[in-house]
Asks: 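The structure follows.
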Amino acid sequence: MILQRLATSIRKQDWFTVLIETLIVVFGVFIGIQLGNWNESRAGQRLGEEYVERLIVDLRADLYGAQNLAHYYAEVLEAVIETDRLLSLPDPDERDLVINAYRATEIALWPQSKATWEQIVSSGHLSLLPDRVDLEPLNLYFGYDQSYETYEVLENSDYRKVVRSLIPITVQMEIRAGCSDIVDNLGSVQGFVDPCDINVSPEVLAATAERLKSDSRVIEALGFQFSELQSALNNLNGNIGYIEKSISTLSDIEAPE
């Protein structure tokens, strides 16, 4: 409608009206662009706020799993140390040696909840996160899946391979049945079953313990197992620090001012 009036004013050479109506058109276009930019900005802000909420949920789940995993590997490390002590004795308790040697091979996994972070990065949406978000601990945490890397290293350790090849399958089955892991309904390990109960005859335990004592590969690989577990624990505790710092920063942003 206004364009028709503008055309009529030009034909009549009514330049004042032409000026006014041109300004109206320009102003209308400007307001439309500004509203579009504002709506786009608001949509980006809402998406950034949604990302913050989702990251907090993911990180809290990972903190729970990482803390349980660190506690679990601390118990595995204790089994390594106890196995080393028992092997140094001339006549160690056979049951304790078999159980601890086996527990020193245990592994567990709590994979990162990184779907939200990967969506943010792959979509190029890091700039949508509020300016106060500290990206450093997030990058350090999500840049390296410590739980998975630890699992892979320990799964393929020489100690694990040697010990599990020396302990008979029937004994391993009994350990799994009555002396294994405590796992919650989320699949997170809580530690080892206590008290430990295995239904194995003294003769079988004695023979198994003797196989462990007489194979030089066990004590040789045990030292490296200790080193790997100690490194894994240090790295897991470092990850817990990154998670806690990220949660703290994101929660401060999420909270109303």
Side-chain angles (χ1 to χ4, degrees), residues 65-111 144-183 188-240:
Q67 288 174 333
N68 283 339
L69 199 58
H71 175 75
Y72 181 74
Y73 277 128
E75 291 197 5
V76 176
L77 184 61
E78 289 177 5
V80 170
I81 295 170
E82 180 63 8
T83 300
D84 182 65
R85 186 189 72 82
L86 291 167
L87 287 172
S88 69
L89 301 176
D91 187 26
D93 184 283
E94 294 159 346
R95 179 180 180 277
D96 286 349
L97 175 58
V98 172
I99 290 172
N100 279 282
Y102 187 85
R103 282 182 166 179
T105 71
E106 293 284 37
I107 53 178
L109 179 65
W110 183 273
Y144 185 72
D145 192 336
Q146 183 59 53
S147 171
Y148 182 74
E149 293 297 328
T150 296
Y151 183 90
E152 275 201 324
V153 168
L154 294 176
E155 182 185 35
N156 295 299
S157 74
D158 290 340
Y159 177 79
R160 178 181 170 90
K161 293 175 182 177
V162 169
V163 167
R164 294 201 173 201
S165 67
L166 293 174
I167 298 178
I169 292 175
T170 53
V171 177
Q172 293 192 46
M173 290 174 63
E174 285 297 327
I175 293 175
R176 302 307 301 170
C179 196
S180 187
D181 304 336
I182 301 172
V183 182
S188 178
V189 291
Q190 306 290 299
F192 291 130
V193 171
D194 186 30
C196 174
D197 181 29
I198 57 172
N199 185 24
V200 179
S201 69
E203 293 78 17
V204 172
L205 280 175
T208 304
E210 185 57 36
R211 294 180 72 180
L212 292 170
K213 288 188 296 179
S214 61
D215 195 316
S216 61
R217 295 175 299 168
V218 174
I219 195 65
E220 289 172 1
L222 190 61
F224 193 70
Q225 186 80 348
F226 171 85
S227 178
E228 288 293 342
L229 276 164
Q230 189 65 66
S231 296
L233 269 173
N234 290 339
N235 292 332
L236 283 169
N237 286 322
N239 259 8
I240 289 171

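Below, each value reflects all heavy atoms present in this structure, side chains not excepted, and no hydrogens, waters or symmetry copies.
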Asks: If every non-hydrogen atom of L109 is compared with every non-hydrogen atom of S147, which pair is closest and at what distance?
Replies: CD1-OG, 3.2 Å
Asks: Would you mind checking if K213 and E94 are paired as a salt bridge, meaning a charged N to carboxylate O distance below 4.0 Å?
Replies: no
Asks: Sequence neighbours left out, what pairs pass side-chain hydrogen bond (donor to acceptor under 3.5 Å, both in side chains) with at least one residue falling in residues 65-82?
Replies: N68-S188, H71-E75, Y72-D181, E82-R85
Asks: Is there a donor-acceptor contact under 3.5 Å from the side chain of T83 to the main chain of A101?
Replies: yes
Asks: Is any side-chain heavy atom of R160 closer than 4.5 Å to one of I107?
Replies: yes
Asks: Can you name the closest pair of heavy atoms from I175 and Y102 and give their distance?
Replies: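 Taking every non-hydrogen atom into account, CG2-CD2, 3.5 Å.
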Asks: Should we say atom CD1 of I169 is surrounded by more than 12 heavy atoms from elsewhere, each under 6.0 Å from it?
Replies: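 Open: at most 12 neighbouring heavy atoms sit under 6.0 Å from CD1 of I169.
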Asks: Rounded to the nearest 0.5 Å, what separation is found between the CG atom of D145 and the OG1 atom of T150?
Replies: 9.0 Å
Asks: Locate the shortest heavy-atom distance separating V189 from V183; write the atom from each residue and the value.
Replies: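 Closest approach of V189 to V183, heavy atoms only: CG1-CG2, 4.1 Å.
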Asks: Using the rule side chain to side chain contact (heavy atoms under 4.5 Å, CB included), only one of I219, N100, V163 pairs with L212; which is it?
Replies: V163
Asks: Would you mind listing every side-chain hydrogen bond (donor to acceptor under 3.5 Å, both in side chains) that reaches into residues 218-240, with sequence neighbours excluded?
Replies: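 Listed by first then second residue: S157-Q225.
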Asks: Do you know the tightest heavy-atom contact between P168 and R211?
Replies: CG-NH1, 4.1 Å
Asks: Would a distance-only check, ignoring hydrogens and angles, find a side-chain to backbone donor-acceptor pair under 3.5 Å from E174 to N199?
Replies: yes
Asks: Run the numbers on Y159 and V218 for side chain to side chain contact (heavy atoms under 4.5 Å, CB included), then give the verdict.
Replies: CA-CA 6 Å; Y159 177 79; V218 174; 4.0 Å; yes
Asks: Is the count of non-hydrogen atoms from other residues, nucleotides or ligands lying under 6.0 Å from Y148 atom OH greater than 12?
Replies: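 Atom OH in Y148 is not crowded, with 12 or fewer foreign heavy atoms closer than 6.0 Å.
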Asks: Under the side-chain hydrogen bond (donor to acceptor under 3.5 Å, both in side chains) criterion, do S214 and E210 qualify, and how do the steps go?
Replies: CA-CA 6 Å; S214 61; E210 185 57 36; 4.5 Å; no
Asks: Could you tell me whether the side chain of T208 and the main chain of I167 form a donor-acceptor pair under 3.5 Å?
Replies: no
Asks: Would you call D84 and I81 a side-chain contact if the rule is heavy atoms closer than 4.5 Å?
Replies: no
Asks: What are the two closest non-hydrogen atoms of R103 and A79, and how far apart are they?
Replies: CB-CB, 3.8 Å
Asks: Looking only at heavy atoms, what is the nearest atom pair of A104 and L229, with distance?
Replies: O-CD1, 4.4 Å
Asks: Got a second to check how far T105's OG1 is from Q172's CD, nearest 0.5 Å?
Replies: 7.5 Å
